[in-house]
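Note that this is a predicted model, so its numbers are computed, not measured. Proteins come first, then strands; the chains are lettered A, B, ... in the order of their sequence lines, and each starts at number 1.
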There are 2 protein chains.
Amino acid sequence: MKNKKMKIARVEADVSQEKLADLVGVTRQTINLIEAGNYNPTLKLCTAICKALNKTLDDLFWEE
Amino acid sequence: MKNKKMKIARVEADVSQEKLADLVGVTRQTINLIEAGNYNPTLKLCTAICKALNKTLDDLFWEE
DNA sequence: ACAAAATGTAATATATAATTGACATTTTGT
DNA sequence: ACAAAATGTCAATTATATATTACATTTTGT
């Protein structure tokens with residue numbers, strides 16, 4: 001269960017994993033792991049990522 | 001920063017903290033802490049809570 | 001083709017989410 | 001008024017999100 005939506009939003013915003021990591025205050029590896037899936041980030045981090053990419057939680061992290 | 005939205009949704013759904021905890025597979029204390037605020041739950045738990053209460057992430061956990 | 005940037009991934013360490021058990025207080029039903 | 005249920009909260013432990021360091025591979029620009 002990769003997080004394609006987040007990766008697409010990031011690429012559309014034209015920011016690298018490293019840049020996004022800086023923006024939200026985590027390491028590049030954490031961003032990489034989230035996009036790779038099998039990861040369970042905290043709400044605070046999800047929210048920070050959404051704001052950095054100008055999206056909402058439902059946009060990037062909701063799964064039916 | 002209490003999570004009022006979650007508490008309201010839970011009460012409207014007529015489930016106790018303990019019942020909700022059972023539904024989503026955590027302890028009552030964890031639910032209590034989230035509602036009390038100053039807590040940073042994981043995405044998986046947030047999603048489980050939303051589904052149990054028939055809400056979305058934006059409904060319960062989005063903060064401007 | 002080449003160098004630089006970006007990405008994938010692993011091992012170990014640290015911070016903190018979540019558990020467990022317990023008790024006090026508040027709320028609800030009768 | 002009373003008992004039962006629900007909630008608030010604390011201390012100590014366990015599980016796991018995130019950091020750190022490091023290296024290999026892939027992608028991008030020139």
Requested in this report: Within residues 4-11 of chain A, find the residues that approach DNA chain C with a heavy atom at under 4.0 Å, and present them sorted by residue number.
Outcome: A/Lys7, A/Arg10
**Report entry** A/Asn3 and A/Arg10, any side-chain heavy atoms less than 4.5 Å apart
**Finding:** no
Requested in this report: Take atom CG of B/Leu20 and atom P of C/dA18, then tell me their distance rounded to the nearest Å.
Outcome: 13 Å
Query raised in the report: Can you check whether B/Cys50 reaches B/Asp59 side chain to side chain, under 4.5 Å on heavy atoms?
Result: no
Query raised in the report: Can you check whether B/Leu53 reaches B/Val15 side chain to side chain, under 4.5 Å on heavy atoms?
Result: yes
Query raised in the report: Would the number of heavy atoms belonging to other residues, nucleotides or ligands and lying under 6.0 Å from NZ of A/Lys5 be above 12?
Result: yes
Query - Minimum-distance pair of heavy atoms, taken over all atoms of A/Met6 and A/Ile31 - result: CE-CG2, 3.9 Å
Query raised in the report: Toward the 5' end of DNA chain D, which comes first, B/Lys2 or B/Lys44, by nearest nucleotide?
Result: B/Lys2
Query - Between C/dT7 (C1') and A/Asn3 (CG): distance, integer Å - result: 16 Å
What N/O pairs connect the protein and nucleotides 24-30 of chain C at under 3.5 Å? Give each pair on its own line.
none

Query raised in the report: Hey, mind stepping through A/Leu57 and A/Cys46 against side-chain contact (heavy atoms from CB on, under 4.5 Å) and telling me if it holds?
Result: CA-CA 7 Å; A/Leu57 289 168; A/Cys46 292; 3.8 Å; yes
Report summary line: Separation of C/dG21 atom P from B/Glu18 atom CD, nearest Å, is 14 Å
Query raised in the report: Less than 4.5 Å apart, any side-chain heavy atom of A/Leu23 and any of A/Ile49?
Result: no
Report summary line: For B/Leu33, the side-chain contact (heavy atoms from CB on, under 4.5 Å) test, sequence neighbours excluded, returns B/Tyr39
Requested in this report: Report which part of the nucleic acid A/Ser16 touches: base, sugar-phosphate, or nothing (heavy-atom distance under 4.0 Å, all strands).
Outcome: sugar-phosphate
Requested in this report: Using the test side-chain contact (heavy atoms from CB on, under 4.5 Å), find all partners of B/Lys51 that sit at least two apart in sequence or belong to another chain.
Outcome: A/Trp62, B/Thr47
Query raised in the report: Would you call A/Ile34 and A/Lys7 a side-chain contact if the rule is heavy atoms closer than 4.5 Å?
Result: no
Query - Base C/dT7 paired with A/Gln29 side chain (donor-acceptor, <3.5 Å) - result: no
Report summary line: Numerically ordered, the residues 45-64 of chain A set in heavy-atom contact under 4.0 Å with DNA chain D is A/Leu45
Requested in this report: For D/dA19, take OP1 and OP2 only and decide whether either is under 4.0 Å from a side-chain N or O of A/Thr30.
Outcome: yes
Restricting both atoms to N or O, compile the protein contacts to nucleotides 12-14 of chain C shorter than 3.5 Å, with distance only.
none

Query raised in the report: How would you list, by chain and number, every residue that makes a side-chain hydrogen bond (donor to acceptor under 3.5 Å, both in side chains) with A/Asp58, sequence neighbours excluded?
Result: B/Thr56
Query raised in the report: Are the charged groups of A/Lys4 and A/Glu35 less than 4.0 angstrom apart, N to O?
Result: no
Requested in this report: Identify which nucleotide among D/dT18, C/dT19, D/dG8 has an atom closest to any side-chain atom of B/Gln17, counting heavy atoms from C-beta outward.
Outcome: D/dG8
Report summary line: side-chain contact (heavy atoms from CB on, under 4.5 Å) filter on B/Thr42, not counting sequence neighbours, yields A/Asn40, B/Lys44, B/Leu45
**Report entry** Consecutive-pair stems (at least three Watson-Crick or G-U pairs, under 3.5 Å) that include DNA chain C
**Finding:** C:1-30 with D:1-30
**Report entry** Under the side-chain contact (heavy atoms from CB on, under 4.5 Å) test, residues paired with A/Glu18 that sit two or more places apart
**Finding:** A/Ser16, A/Arg28
Query raised in the report: Taking it one step at a time, do B/Ile8 and B/Val11 satisfy side-chain contact (heavy atoms from CB on, under 4.5 Å)?
Result: CA-CA 5 Å; B/Ile8 289 169; B/Val11 170; 5.9 Å; no
Query - Close residues, residues 31-42 of chain A, relative to DNA chain D [heavy-atom separation under 4.0 Å] - result: A/Tyr39, A/Asn40, A/Pro41, A/Thr42
